[in-house]
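Some notes on the structure that comes next.
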2 protein chains.
Amino acid sequence: MHAAMVIAVGFALIILAGALLLMLPCAAKSGRATPFIDALFTATSATCVTGLVTVSTAVHWSLFGKCVILLLIQIGGLGFMSVMTAASLLLRRTITLRERMVIGAGFGLDSSGGIVRLMRRVLVGTFLFEGVGAGLLSIRFVQQFGLLRGVGMGVFHAISAFCNGGFDLMGTPDDPFCSLVHYAGDPLVNLTIMALIVLGGLGFFVWSDVWDHRRFRRLSLHSKLVLAMSGVLLGGGFVLTLLFEWSNPATLGGMSVPHRLLAAAFQTVTLRTAGFNTIDQSALTDPSQAVACVLMLIGGSPGSTAGGLKTVTVAVLALSAVSALRGRTSVTAFGRTIEPRSIMNAVALTVVGVTIILGGACTISFIENVPMNLCLFETASAFGTVGLTMSLTPALSAVSHIMLIVMMYFGRVGVLTFGVAVFLRRREPPKLTFPSGNVMIG
Amino acid sequence: MHAAMVIAVGFALIILAGALLLMLPCAAKSGRATPFIDALFTATSATCVTGLVTVSTAVHWSLFGKCVILLLIQIGGLGFMSVMTAASLLLRRTITLRERMVIGAGFGLDSSGGIVRLMRRVLVGTFLFEGVGAGLLSIRFVQQFGLLRGVGMGVFHAISAFCNGGFDLMGTPDDPFCSLVHYAGDPLVNLTIMALIVLGGLGFFVWSDVWDHRRFRRLSLHSKLVLAMSGVLLGGGFVLTLLFEWSNPATLGGMSVPHRLLAAAFQTVTLRTAGFNTIDQSALTDPSQAVACVLMLIGGSPGSTAGGLKTVTVAVLALSAVSALRGRTSVTAFGRTIEPRSIMNAVALTVVGVTIILGGACTISFIENVPMNLCLFETASAFGTVGLTMSLTPALSAVSHIMLIVMMYFGRVGVLTFGVAVFLRRREPPKLTFPSGNVMIG
Ligand SMILES: [K+]
Ligand SMILES: [K+]
């Protein structure tokens, strides 16, 4: 079986198994079986590390249910890479896997030894970062919830943050979807969770590369693009959020200046793919909502726990645009040429991604009769596996829930992976080349 | 001077000259000088064949003012090509011009004789189509407005429709921006104007190609892409408009079934770049507004009177996406390979276009404190030089008007033309090639 197929089918099977576990009566606090659609939605959201929910995680699920959700987040988030490499090793199809992960060659993944080394680093890195994060978060949560529950909360939120899972246990029966709103002014919780989100969102390749080479100049093209683009998106998002929300009384307007800076920074970081929130997303101003939709659609970096179009895709498109405007015939970055094939892949992902979130939002707006901006926020959040919400998701019908489930799946598995799994025949594509034809652009 | 520079500067000079003429007291019905910002907005809108207005064309301007507007539409619309070719002939820089119009070679434009022939066809075609259109429209308008005024109305609307100008003379002091709403059920006016819009939006290259070769199979790749993509956009827009507006009482809901079909067809055609409307745009449902924004952003075809991204750009992106998803390494269409350079240009235009309309809409929404969907509709309308409006434009401040002016200019002159004019140095770009670097997309 083709590696891309392994990933596409594997994810689907994990989601189904999770949904069946979550349907068990013992998974719900009420002791009654959860409807299939809610269980499926929650399992998809957890496995695809999204964080959109139809029922409050803290209020609805039992301890067993919460453990299932946490396990799905960990498998879907950090285990993704391990599952991929393990499957490819087992099936002795490392070459096909390398094709999918073109970047691999730059990290010495040509031999299976290289893959095993990267896998070990991923696992060690994951538990190290999550362990430290859980310790820091427990300092605050033990004060509030007592020792046992506090440590449990610390572990859950550290894993959820590092995997960019977006699930939280803060909901109460009175305020079931409050996320981290009550911690908006808490630097310890904010900074720990922000650090976990950013580290998880950079991706394994970048960690490994930075670990091996230390200096920016020596990093691979991939790592340079990821770090540069992440910097640009975080900086830009921070400035725009501050600008558009500064005097909005429902969000930053009521806070002190240091709290405004902290909340704007958290909002920018969470938009990238995390899904926690410390300010009410439905109170955002219109321009902020648009910025949020764009950042959510872009999401994190390839090879990380993120969904969406990914930073490198957008970087390749931006570099192509600049090259074309300057009259160049090839695209270069940091002294390397970016191949036409990469540009085609970036275009494919963007065309499909934009079509999915726009088409999905139009359909949901039409059948549920709700404003378009709410729908776009939810579909961008689902496809980017972000999990932020303007409170629309719990109110939607089953048809819309199924559409969001499909979007989360595509966002996480990847449009290209899915495309390769479905379209790539065993035989070679025709070697026949056509004469080139000219077209007039613009 | 470089051909791209000729176009960029030439357009700016025509706009300025038009604005100065429109500021004259005799250009306004009131006999008083029009403020510079309104004159500049109107001149830009007319020269860039957009149709967005800050004052009602019928109510505010005198006969002289209307004639200036009509002249600007004709120069900006159909004269574009002629101005370009004339300038290049005068400056003996036909080769540089050909570079800009890569497609040209396919139409025998290698010699200046070919250019002169195409130019003659453009002029003859223009006056033929506009003449027949004016005759047909006059049949209706003479009944309503008497002989002299009726023929004048026929000529004005035929030119405005064929150039996709979007200006109309239907406003009254009570209802200054009504466009063709009162003709929603009139097949003669609807069908004539639709035919003029579609013909003008296909572009000169396509006319000439169809005239020379007659059969689809023999047409150039460019013409095939334009015709196929126009068909897809018109068909798709028609079905979606019918679906989303069928039971909306403020638009199609109150009409008989044949009138609904006619109004939906007109709406689809006008969205492509024309700017007349027979249904109230501010009453559109949310999903319809989204469809409208996408179609307006795409606009018409290259080498036509249209603005926006253009059909061929979107076709190239869609074909690249399909090729990448199928695991191909090159992009083909109708038995021809599309070069990487064309894909880069398509990406450049799309990145800049989307950035302009999104960034512009966020800015306008922020400074004017109006909902984002209204702003997006107006910026997409400006950049696509469409001219449809949800009635926001007349109410905006001068800063927003200047932003819309800039968007109309870029939409019409073309982002690539402008980029080439600004960035292309006389010296060759460095021939040095970099080793290729791999990146991971998605
Ligand atoms: K998430
Ligand atoms: K127009």
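Both backbone and side-chain heavy atoms feed into the values below; hydrogens, waters and symmetry mates do not. Small disclaimer: the values here were computed from a predicted structure and weren't measured. Note on naming: letters A, B, ... go to the chains in the order of the sequence lines (proteins, then strands), and numbering restarts at 1 for each one.
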**Request:** Counting only heavy atoms closer than 4.5 Å, note whether B:S323 contacts chain A via side chain, backbone, both or neither.
**Result:** both

**Prompt:** For B:V294, is it the side chain, the backbone, both, or neither that has a heavy atom closer than 4.5 Å to a heavy atom of chain A?
**Reply:** side chain

**Asked** Using non-hydrogen atoms and a limit below 4.5 Å, what part of residues 353-363 of chain A faces chain B?
**Response** A:L358, A:C362

**Prompt:** For A:L374, which residues count as a side-chain contact (heavy atoms from CB on, under 4.5 Å) partner, sequence neighbours excluded?
**Reply:** A:P371, A:M390, A:L392

Taking all heavy atoms of [X] and all of [Y], pick out the closest pair and write down the distance.
{"X": "A:A324", "Y": "B:N345", "answer": "CB-OD1, 3.5 Å"}
{"X": "A:V351", "Y": "B:A321", "answer": "CB-CB, 4.0 Å"}
{"X": "A:M372", "Y": "B:A290", "answer": "CE-CB, 3.6 Å"}
{"X": "A:L325", "Y": "B:A348", "answer": "CG-CB, 4.4 Å"}

**Request:** Supply the atom-to-atom distance B:L317 CG to A:M344 CE, rounded to the nearest 0.5 angstrom.
**Result:** 11.5 Å

**Straight-line distance of B:Q289 CD to A:S365 OG, nearest 0.5 Å** = 9.0 Å

**Prompt:** Does A:F366 reach the side chain of B:L243, with side-chain heavy atoms less than 4.5 Å apart?
**Reply:** yes

**Prompt:** Who pairs with A:D286 by side-chain hydrogen bond (donor to acceptor under 3.5 Å, both in side chains), at least two apart in sequence or on another chain?
**Reply:** none

**Message:** Just to verify, what does A:T311 make a side-chain hydrogen bond (donor to acceptor under 3.5 Å, both in side chains) with, not counting sequence neighbours?
**Reply:** A:S301

